[in-house]
Engineer: 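Got a structure here, written out as structure tokens. Questions coming.
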Amino acid sequence: MLVNCEVVGCKARVPQQLEEQRRCILHFTLELEQTCMQMRRDTAIGGTRRERYDEMRKYMAEYGQKLAQLATGGVGLTDETKARILSTFLTLMNCRENIERIAARQENERRIG
Ligand SMILES: [Zn+2]
């Protein structure tokens, strides 16, 4: 099945691993990075519910897996795309760390308070 990226103005082909998301690798990684930034902003404000943390953990696990599939999928990736995938991995790892730190702090405050 041939699928084109659904982002307006983008004519890039969607790799098989991203058919469900309907995004090319570039737009998939850009959106992932944006979502990470948004999650960090949301949690930094405070008052995040436990369920929301679980949703974020699930999201990061799923998208991390997707990224790994893309990276090792055997598709001919340009060096530029490989670098983009790696930097998105780094964003994801830092995002997870950041969010876990905030989650731990919140748990402590709940216990004290
Ligand atoms: Zn695209």
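Keep in mind the model is a prediction, meaning the values are calculated, not measured. What's counted below: heavy atoms across the whole structure, side chains too, no hydrogens, waters or symmetry copies. Counting convention: from 1, in listed order, for ligands and their atoms alike.
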Engineer: Before accepting this row, confirm whether a basic side-chain N of the pair E55/K58 lies closer than 4.0 Å to the acidic partner's carboxylate O.
Structural biologist: no
Engineer: My understanding is that only residues two or more places apart in sequence, or in another chain, count here; which of them pass side chain to side chain contact (heavy atoms under 4.5 Å, CB included) with R84?
Structural biologist: L26, T29, L30, E33, T88
Engineer: Quick one: list whatever passes side chain to side chain contact (heavy atoms under 4.5 Å, CB included) with K66, sequence neighbours left out.
Structural biologist: L18, Q21, F28, Q69
Engineer: Would N98 and M39 count as a side-chain contact (heavy atoms from CB on, under 4.5 Å) if you check the C-alpha gap in whole Å, the side-chain angles of each, and the deciding distance to 0.1 Å?
Structural biologist: CA-CA 10 Å; N98 184 272; M39 291 192 298; over 6 Å; no
Engineer: Sequence neighbours left out, what passes side chain to side chain contact (heavy atoms under 4.5 Å, CB included) with N94? Give chain and number order.
Structural biologist: R40, L90, E97
Engineer: What's within reach of the Zn ion (ligand 1), meaning protein N/O/S atoms under 2.8 Å?
Structural biologist: C5 SG, C10 SG, C24 SG, H27 ND1
Engineer: Check this for me, if you would: do R105 and E109 make a salt bridge, where the nitrogen-to-carboxylate-oxygen distance has to be below 4.0 angstrom?
Structural biologist: no
